[in-house]
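Below: the structure, in C-alpha cells.
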Amino acid sequence: MTSTTSAGLTSAGPTSDTAQVAAALGLHHTLNTAMADLVDNAVDAGAGQVLVRFMSADGVIEGIRIIDDGAGMTPDELDAAMAYRRRSGYRDTDLGHFGVGLKAASFSQADTLVVWSSTARSAPAGRRLQRAAPTEISTEDTASAAEQWSNAHPRFPMATGTVVEWRRLRGALTMVAADERDAWLETVITEVRAHLGVVFHRRIAAGFRITLDVYDVGARRAGPQRAVAAIDPFGYPRSGHPDYPQPRAVAVGTRTLAVTLHLWPARSSLPQFRIGGAPGRDLQGLYVYRNDRLLQIGGWNELIRGRTEFGLARVALELPSDLLGQIVINPEKAGVTLDATAAQALRTALGAAAGPASPPAGYLADAVTLMRAARSTRPRPITLVEPESGLPEDVLDEIADVVDFTGDADPVRIGWRALARDAFFEVDLTGRTLWLNARYRRILVGGRSVDNTDLPVVRALLFLLTQEMFAGVRHSRRSGRPCAPGRRF
C-alpha cells in the first residue's frame, strides 16, 4: 500500500508545466554523471561503501540500484530529499551543492524513482516519485519498506543506509538479440567503472569502496562483483619534465586558487593517461577538484585553444568554497565556468599567448618542447592537415612522427553518422569532420561498436584520401577550384 502527498516545486502553473521543469533539471546528465551524483549523496551521508547494481530480468536491464551504508534518512528527511527545494545548510565539506541532485540525476535516466532508507533512530521507510508527476510523493507502507530493506543484500554490512532505485530506464537496450544486450551492458559497466574511478579516485585511494554487479531478479542471485579502481589522472610513475609538477598560488581577485601544473611523459599507455580508453592527448587541460571530488576531466574552458602540442599538459585546480562565485560548478557537476577574472588569472599562470601572433610561454612552452622532443627526428617531406580525433592514439603518434602538419588549416575529426544509403563517407568542410556512414558500421566492424576509433585502417586511408580537401582544394589539383562545403561519396 502507498499513500500520496503533494510537495516540492513551488509553481503556480499546472502539473504538466512542473513536470517539464523537473525533466529539464537533468537534461545534460549522462548515465555516468547521474551515478556520480548519487555517489556524492552517499559520501555526504558518511558511507564507506557503495554498490551499483544492475537489475536484470530475462536478460533485460529493468532497473538500477545504488546502495550505500551511510547514516540513512528518517521519514522526514526522506520527504525533504524527494521534494524540489533548494536545500540549505550545506557544509563546506559536502559534495552536494544544488539540492536537486537526487531527482535531476534519477529522472535523467528513469521514469520512476524509489528510495528506501533506515537510520540508527528510525525503521526503514520508503518513498516513490514519478517523472510525470514530480510533486506527488508516494509513501511506501512500513511492511513493504522493511521487506525491501532486508532483501537488499548489498554484500557488505548495512545497519543503516539508503537504497535508491531507478525503474523504467529509458536508455536500456531491450528489443535486440541477447548477445547485443550483453555487449551493451558490458560496455556500460566498463564506462561507469572508468568514470567513477577517475571522479572519486582520491577517495577510493583513501579507502572508500565502490563496486558493481548484475542481479538476476528471477533467480534472486547476484553475479560477480567488480570493484571500481582509482584512476588518478596525474598518476604517472615519473614526470615528463624535471621542473614539474609545479604548484602555484594563483591570485583571483583578493582570493587564492591552488593550482598544480603537470606534464605527463610522452608515449604513455597507462589507463591514468588514456582515461576510459580515450586518446590521452584529448584529455589535456583543467582538472578541477572540490573536496577531493573531480568536477572536470580536461578541457581548457576557452582559456586557450587545445593543440596536439599541449597533449601532455594537465592542470589540477583545488576549488575552495570562497571562489564558487567566480568558478561556477555546472548542475551535473561535470564541468565549471570561469568568470573573466578567474580566466585571466589562469591564462597568465599557464603562459598563454598574449595575442594571435605571440607564441606560448612558460608552462605551455615547456609542454610544446616536450611533445616535439618525443617525436622522431627523421626527415618529414610530407605535409598533412592534422587529424584531431577519431584514430587510435598510437596511429596519431605515428602520423605525427613522420609528417609535418600544415599550419593554415584547422584539425580534422573522423566519426560516424547516418548518411544517405548510397554514400560511404562525407567530407564536411564547415564542421571539419570526415563522416563515415553509420548505416554500414555493424557490417564493417563485425558487430555493434561504441569505440570512437574503430576500423582504424579504413579511417586512416579515407583521411589520407581526403585530407587535401580540408586544406582548401580538391584532391585533384588540376581544377584549382575550392571544395564544396560538404561532399558525399
Side-chain angles (χ1 to χ4, degrees), residues 29-30 32-50 52 66 68-73 77 81 86-102 104-105 161-162 164 192 194-210 228-235 245 247-250 252 255-262 272 275 285-299 301 314-339 342 345-346:
H29 262 305
T30 65
N32 293 339
T33 61
M35 285 191 177
D37 215 332
L38 295 196
V39 174
D40 286 341
N41 293 343
V43 171
D44 287 345
Q49 300 195 72
V50 172
V52 176
I66 296 92
D68 72 70
D69 65 350
M73 290 178 280
E77 289 169 338
R86 174 70 163 94
R87 206 187 101 186
S88 60
Y90 276 113
R91 299 164 298 183
D92 284 347
T93 55
D94 284 344
L95 301 184
H97 187 58
F98 296 101
V100 294
L102 173 63
T162 301
V164 176
V192 169
H195 185 77
L196 297 181
V198 67
V199 167
F200 297 100
H201 74 89
R202 289 182 174 177
R203 292 183 175 272
I204 293 171
F208 184 60
R209 191 163 185 259
I210 308 174
V228 173
I231 302 175
D232 183 355
F234 304 98
R248 299 272 184 91
V250 177
V252 180
R255 300 175 178 88
T256 300
L257 178 65
V259 172
T260 305
L261 310 176
H262 295 259
Q272 295 95 320
I275 299 169
L286 308 182
Y287 288 72
V288 183
Y289 292 87
R290 179 172 180 260
N291 296 335
D292 287 335
R293 197 265 204 207
L294 188 56
L295 297 169
Q296 177 168 309
I297 305 173
N301 298 65
R314 294 184 182 179
V315 180
L317 279 67
E318 309 294 336
L319 178 56
S321 295
D322 62 1
L323 275 174
L324 289 175
Q326 292 173 280
I327 302 177
V328 180
I329 305 169
N330 74 17
E332 294 76 32
K333 290 185 280 189
V336 300
T337 301
L338 309 172
D339 75 358
L346 284 170

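Here the structure is a predicted model, which means the values were calculated and not measured. For the numbers below, each heavy atom of this structure counts, side chains included, while hydrogens, waters and symmetry mates do not.
- Distance check, rounded to the nearest 0.5 Å: NZ of K333 to NE2 of H29 gives 8.0 Å.
- Closest of all the heavy-atom pairs between A230 and A205 is CB-N, 4.3 Å.
- The CD1 atom of I297 lies 12.5 Å from the CG atom of L286; values are rounded to the nearest 0.5 Å.
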Fill in: Derivation of the side chain to side chain contact (heavy atoms under 4.5 Å, CB included) call for Y287 and Q296
CA-CA 5 Å; Y287 288 72; Q296 177 168 309; over 6 Å; no

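- Closest approach of D68 and A47 over heavy atoms only: CB-CB, 3.9 Å.
- In this structure the side chain of L257 reaches within 4.5 angstrom of the side chain of L346, judged on heavy atoms.
- Side-chain atoms of L317 and V315, non-hydrogen and from C-beta on, do get closer than 4.5 Å to each other.
- Heavy atoms only, all atoms of each residue included: V336 and I329 are closest at CG1-CA, 4.3 Å.
- Between Y289 and H201, the gap from one ring centroid to the other is short of 6.0 Å.
- When all heavy atoms of T162 and G72 are compared, the pair lying nearest together is OG1-CA, 3.7 Å.
- Each of L38, V43, D37 was compared with D40 under the side chain to side chain contact (heavy atoms under 4.5 Å, CB included) criterion, and only D37 meets it.
- At a threshold of 4.5 Å between non-hydrogen side-chain atoms, the residues V259 and L261 count as touching.
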Worksheet item: Is there a side chain to side chain contact (heavy atoms under 4.5 Å, CB included) between E318 and L323 once you walk through the steps?
Response: CA-CA 10 Å; E318 309 294 336; L323 275 174; over 6 Å; no

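- Using a 4.5 Å heavy-atom cutoff, the side chains of F208 and V39 are in contact.
- Using a 4.5 Å heavy-atom cutoff, the side chains of L294 and H195 are not in contact.
- Remark: N301 CG to L338 CG distance equals 5.0 Å, nearest 0.5 Å.
- Each of I204, V228, I231 was evaluated against V198; a single residue qualifies, I231, per the side chain to side chain contact (heavy atoms under 4.5 Å, CB included) test.
- Counting only heavy atoms from C-beta outward, the side chains of P233 and I275 approach each other to under 4.5 Å.
- Of the possible donor and acceptor atoms, none in the side chain of N291 sits under 3.5 Å from a partner among the backbone N and O of R293.
- Note that CD of Q326 is 10.5 Å distant from CG of L319, once rounded to the nearest 0.5 Å.
- Across A81 and L102, no two heavy atoms sit closer than the pair O-CD2, 3.9 Å.
- Considering only heavy atoms from C-beta on, L324 comes within 4.5 Å of R290 through its side chain.
- In terms of heavy-atom proximity, R314 sits nearest to Q272 at NH1-O, 3.0 Å.
- Atoms CD1 and CD1, on I210 and I66 in that order, are 11.5 Å from each other to the nearest 0.5 Å.
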